[in-house]
Amino acid sequence: MGKWFEYCESALGLLAAFILGIAVPPGLFFAGLGRISEGFWVQGLGILALSALSLRSSVIVIRLASRWERDVLQTPVVVDEDEYYRMPLDFEEGIPEADRRALIGFMASNLPELTWRFRLWCSLFWLALLAAATYLGHQLCLGAIHAANNDGNVLFFLACVGHLAFLVAANLYLVLAVAVLTPKTHEWLFFYRSRLLLDVVAISVSVGLVLAV
């Protein structure tokens, strides 16, 4: 049951991550064309360049997700899940099998080799998507509370599922943003293993903002 929940959570998180990652490049592309059509060539070309960079960053995420589906979902193995709890958080040690086969852990530990300039761009871009996922998750949390107050059970369920999806997407982009800047170390494990605490903080802030209004 736990594995099925993990896979469903991963699928929802990937969907939310794809929505953000796929929406930004064309949005920047058309924004750049719009600036060029208005005669602002320098701004337009700059936005088009950002569109190309963001597209490449999003393709990395899509390819990693495809590899996870092929190498993990289609080739299941027996993993000692208790190893996760026994293993000390030592960045000098190898990554436990349970972490390497989880969606976020797999993607963080299998990032391709990139130049330091592009690594910096990817980190900034993924942090921007992290902020967008956090904002959208907050809006869905507001929607869930509004639906609960108005007996909208279906809307409440959909808002909660969407909120969960964007929380996973935010965790994914946070871990990737750290991992891409530290390709030879495992500092991202700290953020990966702290994701539930970060989710609790995000939910608490959302609920607190609603109650404060």
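Once rounded to the nearest 0.5 Å, the distance linking CG of Leu45 with CG of Leu50 reads 11.0 Å. Leu64 CG to Leu176 CG: the interatomic distance, rounded to the nearest 0.5 Å, is 7.0 Å. Atom CG in Leu48 sits 5.5 Å away from atom CG in Leu33 (nearest 0.5 Å). Of the inter-residue distances, the one linking Leu172 atom CG with Leu167 atom CG reads 12.5 Å to the nearest 0.5 angstrom. To the nearest 0.5 angstrom, Cys141 atom SG is 12.0 Å from Leu164 atom CG.
The hydrophobic cluster containing Leu129 also contains Ile62, counting ILVMFWY residues as joined when their side-chain heavy atoms lie under 4.5 angstrom apart, directly or transitively.
Between Gly137 and His163, the shortest heavy-atom contact is O-ND1, 2.6 Å. Taking each heavy atom of Trp188 and Ala179 in turn, the nearest pair found is CD1-CB, 3.7 Å. Residues Ser57 and Trp126 share a closest heavy-atom pair of O-CZ2, 3.7 Å. Residues Leu140 and Ala159 come closest through the heavy atom pair O-CB, 3.5 Å. Trp68 and Ala102 get closest at one heavy-atom pair: NE1-C, 3.7 Å. Shown here for Leu28 and Ser51, the closest heavy-atom pair between the two residues is CB-CB, 3.7 Å.
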Pair Val178-Phe190, side chain to side chain contact (heavy atoms under 4.5 Å, CB included): steps then yes or no: CA-CA 10 Å; Val178 174; Phe190 172 79; over 6 Å; no

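More than 12 heavy atoms of other residues, nucleotides or ligands lie within 6.0 Å of CZ in Phe18, so this atom counts as buried by the packing criterion.
Residues Phe106 and Arg67 form a side-chain contact, since some pair of their non-hydrogen atoms from C-beta on lies under 4.5 Å apart. Here the side chains of Leu14 and Glu69 are not in contact, with every heavy-atom distance at 4.5 Å or above. With contacts defined as side-chain heavy-atom distances shorter than 4.5 Å, the pair Leu20/Leu136 qualifies. Using a 4.5 Å heavy-atom threshold, the side chains of Pro183 and Leu111 count as separate. Residues Leu127 and Ser123 are in side-chain contact: their nearest non-hydrogen atoms beyond the backbone lie under 4.5 Å apart.
Phe125 and Trp121 have parallel rings, their planes meeting at less than 30° on a 0 to 90° scale where 60° marks the start of perpendicular.
At distances below 3.5 Å, at least one donor-acceptor pair connects side-chain atoms of Ser58 with backbone N or O atoms of Ser54. Between the side chain of Arg119 and the backbone N or O of Val180, at least one donor-acceptor pair lies under 3.5 Å. In terms of modelled atom types and a separation under 3.5 Å, the side chain of Arg195 and the main chain of Tyr192 share a donor-acceptor contact.
With Met107 as reference, Leu103 is the one residue of Ile104, Asn110, Leu103 to meet the side-chain contact (heavy atoms from CB on, under 4.5 Å) rule.
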